[in-house]
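Remarks on the structure that follows.
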Amino acid sequence: MQSTHDHPFTSGLISWYRQHARELPWRHTQDPYAIWLSEIILQQTRVAQGLPYYRKLLEVFPTVKDLAKSDESVLFRHWQGLGYYSRARNLHKAAKIIVNQFGGKFPTTYDEWIKLPGVGPYTAAAIASFAFGEVKPVVDGNVFRILARYFGIRTDILHNSARKEFTSLAQELIPKDQAAEFNQAIMDFGSIQCSPAPNCSSCPLSTACYAFQNKQVNQLPVKQKKTKQRDRYFNYFIFEQGNKLLVRERKAKDIWSGLWEFYLIESDQKEDLSDLLEKNGFLATYLQGALVQPMISPKVHILSHQKIHCQAWYIQVPDNLEFSKIAPYQWIQPEDFEKLGKSVLLLNLITDNLHLGIFNDSVPR
DNA sequence: AAAACGGGGAC
DNA sequence: GTCCCAGTTTT
């Protein structure tokens, strides 16, 4: 099995893996569909978080054909809570390409896979190696970290040139007859052994590891500081009239595109209700004679690069009040709204305010 | 080359 | 609080 001229890193890694491999459902198959789905889900997502979504999506969409013929909104609803929603959009787009242009036949090579939307260098390498045995190394956060430490590489892993450099090294290390196993192994090694806070004392590779031998484990890999997050202020107005809610789909190039929400006024600082009414005169007319109740707001919602400060009010509009010119907002029944994808911020807002009776105790989650 | 894109878990 | 995760796309 094992080539005698493997690099010590490679032989040590494979040996470690044979004792410590994680038990993961997508490792029991060579079905490109299941592997592709798992890899999209796992982009920037921990296994534990993605696992339930993987099982559910495979159940709802057993084949690429089921996915391609489905309505995108159904996929979004199932993707709800997983984040990075453009993944769902690209997954759906790629499914349609595979079914409508490729006759339902999956690509079999890295070069073909990477042309599909949502499939970049990492995912193409993962699918090509796991499903088809192609000798392409996966290069993700784990690989950057492991190779930077073991070989003492100081290239900033967020720099443009880093991928080329680490891919080139990984390509030398990956065994031609065990590409898939090497790639699986390096993922588990990065997750279990050489994690961000590594377990060097039990590591079989430590004697040859540059970072460990030079006490630089905490300095490697080198990674540029992240940009600081922006503060945003979301003021939601939950308008209800005749058992219908005023909602819209977010479509801008912004967070949560494709998800649904209530009437939103964004401000650049915290505003109280009177300020908001003053600056949005038309709102005041809608609130004439309406019952306005402040809602319990979720705590500040933290994203990678934004802090969303949220306030909300529940507005019961009298049936006789004309409520016009609200595009792109539309009136919808709560049970239909439940079927649409929503941000976790909105889900928290809803669950925190069940006492208002807006959703008749049915939690849209 | 840099920024945008979610949510959650580990420390 | 900070870091960062089986990254990709857009600017």
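Worth saying up front: this structure is predicted, and the values here are computed from it rather than measured. Letters go in sequence order (proteins before strands), and every chain restarts at 1.
- Candidate nucleotides C/dC4, B/dG7, B/dC5 were compared by shortest atom distance to the side chain of A/Val344, and B/dG7 ranks first.
- When heavy atoms are screened at a 4.0 angstrom cut-off, A/Val119 is found touching the sugar-phosphate backbone but no base atom.
- The CZ-P distance, from A/Arg89 to C/dG7, rounds to 22 Å in whole Å.
- The base of B/dG6 sits with one of its N or O atoms less than 3.5 Å from a complementary donor or acceptor on the side chain of A/Thr45.
- Side-chain atoms of A/Gln184 never come within 3.5 Å of backbone atoms of A/Arg22 as a donor-acceptor pair (strictly under, hydrogens ignored).
- When heavy atoms are screened at a 4.0 angstrom cut-off, A/Leu345 is found touching no nucleic acid atom at all.
- Dashed line: the shortest gap from a side-chain N or O of A/Trp79 to OP1 or OP2 of B/dG6 is not under 4.0 Å.
- In this structure, the OH atom of A/Tyr122 is 18 Å from the C1' atom of C/dT9, given to the nearest Å.
- Looking only at distances, no side-chain donor or acceptor of A/Gln316 sits under 3.5 Å from a matching main-chain atom of A/Gln241.
- The CG atom of A/Leu42 sits 14 Å away from the C1' atom of B/dG8 (whole-angstrom rounding).
- In this structure, A/Phe234 and A/Trp256 have perpendicular ring planes: the angle between them is above 60°, well past the 30° mark.
- Rounded to the nearest Å, the gap between the C1' atom of B/dA3 and that of C/dA6 is 22 Å.
- Rounded to whole angstrom, the span from the CG atom of A/Leu303 across to the P atom of C/dG1 amounts to 15 Å.
- Comparing atom distances between the A/Ser343 side chain and each of C/dC5, C/dA6, B/dG7 picks out B/dG7 as nearest.
- Among B/dG6, B/dG8, C/dA6, the nucleotide with an atom closest to any side-chain atom of A/Asp188 is C/dA6.
- Formation of a donor-acceptor pair under 3.5 Å by the A/Thr29 side chain with backbone atoms of A/Trp26 is not found in this model.
- Between A/Ala197 and A/Ile255, the residue anchored nearer the 5' end of DNA chain B, judged by the nucleotide with its closest heavy atom, is A/Ile255.
- The separation between A/Leu347 atom CG and B/dG6 atom C1' is 13 Å, rounded to whole Å.
- Judged by distance alone, with hydrogens and angles left aside, A/Thr123 brings no side-chain donor or acceptor close enough to the base of C/dG7 to form a pair under 3.5 Å.
- Regarding contacts with the backbone of B/dG7, a side-chain N or O of A/His301 is found under 4.0 angstrom from either OP1 or OP2.
- As judged by a 4.0 angstrom heavy-atom cut-off over every strand, A/Arg230 is placed among residues making no nucleic acid contact.
- Dashed line: the shortest gap from a side-chain N or O of A/Arg46 to OP1 or OP2 of B/dG7 is not under 4.0 Å.
- One can place CD of A/Gln49 at 13 Å from C1' of B/dA10, the figure rounded to the nearest angstrom.
- A donor and an acceptor atom sit less than 3.5 Å apart, one in the side chain of A/Arg22 and one in the base of C/dA6.
- Rounded to an integer number of Å, the gap from CD of A/Gln44 to P of B/dG6 is 12 Å.
- Donor-acceptor pairing under 3.5 Å, judged by distance alone, is present between the side chain of A/Tyr84 and the base of B/dG6.
- Taking only side-chain atoms of A/Gln224, from C-beta outward, the nucleotide of B/dA2, C/dT9, B/dG6 with the closest atom is B/dA2.
- Between A/Tyr263 and A/Tyr329, the distance separating the two ring centers is shorter than 6.0 angstrom.
- At least one donor-acceptor pair closer than 3.5 Å links the side chain of A/His78 to the backbone N or O of A/Val74.
- Residue A/Ser257 places no side-chain N or O under 4.0 Å from the OP1 or OP2 atom of B/dC5.
- The same atom, P, is picked in B/dG8 and in C/dT8; the two are 22 Å apart, to the nearest Å.
- Between the CD atom in A/Gln293 and the CG atom in A/Asn353 there is a gap of 9.5 Å [rounded to 0.5 Å].
- Listed nucleotides C/dC4, C/dA6, B/dG6 differ in distance to A/Pro196; the shortest reach to its side chain belongs to C/dC4.
- Using a 4.0 Å heavy-atom criterion, one finds that A/Asp254 contacts the sugar-phosphate atoms exclusively.
- Remark: A/His305 is in phosphate contact with B/dC5, judged by side-chain N or O atoms under 4.0 Å from OP1 or OP2.
- Side-chain atoms of A/Asn235 never come within 3.5 Å of backbone atoms of A/Ala312 as a donor-acceptor pair (strictly under, hydrogens ignored).
- Here C/dT8 presents its P atom at 10 Å from CZ of A/Phe144, a figure rounded to the nearest Å.
- Using a 4.0 Å heavy-atom cutoff across all strands shown, A/Gly81 reaches sugar-phosphate atoms only and no base atom.
- Across the interface with DNA chain C, nearest-nucleotide mapping of A/Met187 and A/Ile114 shows A/Met187 to be the residue nearer the 5′ end.
- Dashed line: the shortest gap from a side-chain N or O of A/Tyr85 to OP1 or OP2 of B/dG7 is under 4.0 Å.
- Side-chain atoms of A/Asn160 and base atoms of B/dA1 include a donor and an acceptor less than 3.5 Å apart.
- In this structure, A/Leu158 reaches neither bases nor backbone, as no heavy-atom distance under 4.0 Å exists between it and the strands shown.
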